Each structure stands twice: as C-alpha cells, then as structure tokens.
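Scroll down for the structure; my scribbles are underneath it.
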Amino acid sequence: MPTLGVNIDHIATIRQARRGVEPDPVAAAAIAELAGADGITVHLREDRRHIQERDVRLLRQTIRTRLNLEMAATPEMVAIALDVKPDYITLVPERREEITTEGGLNVQAQCDRLGKFVNQLQGAGIPVSLFVDAEAEQLQASARTGAKFVELHTGTYANAKDETEHKRELEVLTKGGELAIRLGLRLNSGHGLTYWNTKPVAQISGMEELNIGHSIISRAVLVGLDRAIREMKVLINP
Ligand code: PXP
C-alpha cells in the first residue's frame with residue numbers, strides 16, 4: 001500500500017491572499033506529520049504565488065519525514081534545490097497562466113535537456129521523479145533520462161465525467177504503472193486525487209506514494225487538518 005505525501009501549497013495560498021504570516025505551512029507540516037503524513041510536498045513556483053523560499057528552507061530544517069520539492073526544470077530552481085537538498089525532487093511543467101499544474105511533462109520532446117537536470121540532481125544525491133502522463137512514450141523517455149521515479153498524472157482520471165470514463169482512465173493508469181515498473185522506474189501518482197477517487201489508484205500494483213493537496217486542505221478547512229489527514233490515510237491504507 002502506498003504512503004501519503006501531503007501537498008501543503010494551499011496553506012501558503014491562504015497566507016499569500018493577505019501577504020501575511022498566517023497560516024504558516026511550516027506549522028501545517030508539523031500537524032500533518034503528527035496525523036500520519038509520510039511526506040510533505042511543496043511546489044516552489046517561479047512566480048512564488050504560494051510557497052516561498054523561506055518555507056522550503058524552514059521545512060528542510062523542521063520536518064521529520066520526507067521533503068518532496070516540486071519544481072520546474074530551470075537553472076534557478078536547480079540552484080535552490082542543490083542548496084536545500086530535499087529528500088527528493090519532482091520535476092513538473094510550469095506555465096505562469098495556469099491555475100495549477102495542467103498535465104505531465106513532455107519528456108519525450110526534451111529527453112536530453114531533462115536528462116542533464118536529472119544527472120545533476122541525482123549526482124548530488126537527490127533522487128528525481130518526473131511528473132508524466134501514463135503514456136508509453138513518456139514513460140520510456142523518462143526511463144532514458146535515468147530518473148529514479150515517475151509520478152503518474154492522475155488529473156485526467158480525476159476529471160472523468162462518468163463511470164465508463166473513470167474505468168478507462170483507471171485502466172490507463174494501471175497499464176502505465178505496469179510499464180513504469182517493467183522499465184525499472186519507481187512509481188508515485190498525484191493530482192486531483194480526492195476522498196472519492198483515491199482508493200482505486202492506491203491499489204495499483206507497485207504504487208509507492210500518492211501526493212495529495214487540494215482535497216485534503218479543502219476538507220481540513222471544515223474538519224481540521226489532523227482529521228482530514230487521518231481520514232485519507234485510512235482510505236489509502238485501510
Ligand atoms: N503532484 C503534482 C506533481 C502536482 O503538481 C500537484 C499539484 O501541485 C499535486 C500532486 C497535488 O495535486 P492536488 O492539489 O490536486 O491534490
């Protein structure tokens with residue numbers, strides 16, 4: 001059964017709404033860990049719309065589980081990552097105008113460029129995960145970069161409009177997971193996972209970690225962060 005990485009970006013989104021100091025994602029990370037989070041995930045975006053460098057540096061010093069830094073493959077981010085040394089890095093595509101990450105990386109189209117970033121980061125002892133759609137070409141290209149992990153983009157599955165689409169997209173993720181593992185890649189998943197759609201993804205063979213943010217933080221606003229995380233943990237790992 002997979003572990004749970006809690007994405008706390010949205011705690012920072014609320015803080016940034018007032019450009020103030022609360023709620024502090026560093027405090028949220030401590031509560032998340034006490035409630036059973038197996039890792040803390042943050043996305044340091046180029047435009048710093050939610051998580052700030054200060055958060056990443058303090059989290060590095062304070063969390064007791066694993067710090068997964070999501071970032072774009074750019075020289076600026078690599079310099080920060082090499083300095084902070086998160087436990088692992090997830091490379092994601094990033095466009096300023098998007099509301100959230102809107103799809104997987106096109107690894108096939110930039111295999112050499114991404115391979116250089118993977119080499120540099122993994123050479124410094126930081127395992128790299130590539131956020132990709134569960135497509136054969138993308139998974140094969142991911143393996144060619146030398147990255148240790150892929151994170152399957154579950155957004156399309158999460159947006160399924162009916163039972164037929166849901167089944168089809170789950171099959172895509174299951175097949176993608178099988179191929180990733182055959183290619184020697186370790187397997188994570190995330191994006192758009194909720195209390196209603198996570199269970200089948202958690203049951204995909206070889207799944208190691210699910211990264212979940214929006215749904216947990218949304219529930220936390222109503223029931224508290226501790227309870228929201230405990231309820232997700234039971235779903236993933238009954
Ligand atoms: N995984 C990746 C690579 C992401 O970019 C995000 C969103 O930042 C997540 C997981 C979490 O997605 P959600 O907030 O929809 O749970």
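Whatever order the structure lists ligands and atoms in, that order sets their numbers, starting from 1. Every heavy atom of this structure was used, including side-chain atoms; hydrogens, water molecules and symmetry mates were not. Please read these numbers as outputs of a predicted model, since none were measured by experiment.
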Polar proximity ligand 1 side, G192 side, N/O cut 3.5 Å exclusive: yes
Y157 and H166 aromatic ring geometry - parallel, tilted or perpendicular at 30°/60° bounds: tilted
Side chain to side chain donor-acceptor pair (under 3.5 Å) assessment of D9 paired with H43: CA-CA 7 Å; D9 292 351; H43 184 175; 4.6 Å; no
Identified side chain to side chain donor-acceptor pair (under 3.5 Å) partner of R66 from the options D87, T3, D38: T3
S215 near ligand 1 by a heavy-atom separation under 4.0 Å: no
Heteroatom proximity flag, H214 to ligand 1, N/O under 3.5 Å: yes
Element-labelled atoms of ligand 1 that are located less than 4.0 Å from some non-hydrogen atom of I212: 16 (O)
E209 side chain to Y88 side chain, donor-acceptor N/O pair below 3.5 angstrom: yes
Mutual orientation of the aromatic rings belonging to H191 and F131 [parallel < 30°, tilted 30-60°, perpendicular > 60°]: tilted
Nearest-option assignment for atom 1 (N) of ligand 1, heavy atoms, candidates H43, E151, M71, H50: E151
Cationic N near anionic O, under 4.0 Å, R64 to E33: no
Atom indices of ligand 1 within 4.0 angstrom of N211 heavy atoms, with elements: 10 (C), 11 (C)
Backbone or side-chain N or O of V92 under 3.5 Å from ligand 1 N or O: no
Numbered atoms and elements of ligand 1 in range of H191, under 4.0 angstrom, heavy atoms: 4 (C), 6 (C), 7 (C), 10 (C), 12 (O), 15 (O)
